[in-house]
Undergrad: 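Would you mind keeping the following structure in view while I ask a few things?
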Amino acid sequence: MQRPQRPLEQAAADAARRHAPSGLGLDSQAVRQRMVRRLAADGALPEPVLDALAAIERHRFVDSALANQAYEDTALPIGHGQTISKPSVVARMLALLMQGEAAQRLGHLGRVLEIGTGCGYQAALLARLSHSVVSIERVQPLSERARATLAALAVPRLHLLHGDGRLGYAPRAPYDTIIAAAGAAELPTAWLEQLGAGGRLVAPVVDPAQGAQRLVVLDRGPGGWLRGELDAVHFVPLKSGIE
Ligand code: SAH
């Protein structure tokens, strides 16, 4: 006979059930290692980024029906018209952030602001590479689902907020690192203001003339902000307000 479950045991059992039907089970480590080896072969990625990609189980952040595609280099739907970013793009952004002045000095990403929590995958990677992470999502059901997933994985030093990330989060500013997973034509002023000295921001920005997005890297030096434009990318739009 089964004894009745106490609330905590019940919550743990519910979380285990949510994650159980991944179809990947204990083999996921080998599949993940293969993904990391492919990413490492394609681009110069620092060791800590490779370690984080090897440690975080991407299949836990997507619907179980998509879990068998979780270690392919592809964006996948996470509901509400949003997507989890491609691993190679996430890796590239993390590598760029690790080269920021503050990150180089600290040996990690320091205090991080992430805009666009989505399913929480990138937030989990950031948590491994930093001192602390504030992550903002405008779609409440996505924010809540990310909270449950990240709680089940016991990701530490992570503060999730439901709100409009274009405003940043002033109470925890300044940040050593700011990263956005959604793009608009302009970088919101709040992000520039909340970036600390020596801090680095990486975000997609839409070029209105071409309608295409590029990754922008912005460093805050003693004389002000220094901006560079890099790879062409495809992120979801940075929207205003909350849902
Ligand atoms: N890093 C995420 C990527 C999610 S896609 C992951 O690993 O899953 C980008 C996310 O940005 C979407 O969930 C979208 O809802 C969110 N977003 C768009 N505009 C936003 C805004 N103004 N504030 C906060 N989140 C926003």
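Keep in mind it's a predicted model, so treat the numbers as computed, not measured. Counting starts at 1 for both ligands and their atoms, following the listed order. Here, residue 1 is the first one in the sequence, and each next residue gets the next number.
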Undergrad: Under the 3.5 angstrom rule, does the side chain of Y175 hit a backbone N or O of Y169 as a donor-acceptor pair?
TA: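 At least one qualifying donor-acceptor pair exists.
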Undergrad: Counting only N and O atoms by type, is there a donor-acceptor contact under 3.5 Å from the side chain of D219 to the main-chain atoms of G221?
TA: no
Undergrad: When you measure from the side chain of E137 to the backbone N and O of L142, does any donor-acceptor pair fall under 3.5 Å?
TA: no
Undergrad: Strictly distance-based, threshold 3.5 Å: is any side-chain N or O of W191 a donor or acceptor partner for the main-chain N or O of L201?
TA: no
Undergrad: Side chain of R138, backbone of D164: donor and acceptor closer than 3.5 Å?
TA: no
Undergrad: Between the side chain of R157 and the main-chain N/O of H131, is any donor-acceptor distance below 3.5 Å?
TA: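 Flag set: sc R157 to bb H131 pair under 3.5 Å.
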Undergrad: Could you go through ligand 1 and note, for every N or O atom, any protein N or O atom closer than 3.5 angstrom, writing the atom names and distance to 0.1 Å, or 'none'?
TA:
unit_1: ligand 1; atom_1: 1 (N); unit_2: G116; atom_2: O; d: 3.3
unit_1: ligand 1; atom_1: 7 (O); unit_2: Q122; atom_2: N; d: 3.2
unit_1: ligand 1; atom_1: 8 (O); unit_2: C119; atom_2: N; d: 3.1
unit_1: ligand 1; atom_1: 13 (O); unit_2: E137; atom_2: OE1; d: 2.7
unit_1: ligand 1; atom_1: 13 (O); unit_2: E137; atom_2: OE2; d: 3.4
unit_1: ligand 1; atom_1: 15 (O); unit_2: E137; atom_2: OE2; d: 2.6
unit_1: ligand 1; atom_1: 19 (N); unit_2: K239; atom_2: N; d: 3.1
unit_1: ligand 1; atom_1: 22 (N); unit_2: D164; atom_2: OD1; d: 2.9
unit_1: ligand 1; atom_1: 22 (N); unit_2: K239; atom_2: O; d: 2.6
unit_1: ligand 1; atom_1: 23 (N); unit_2: G165; atom_2: N; d: 2.7
unit_1: ligand 1; atom_1: 25 (N); unit_2: R138; atom_2: N; d: 3.3

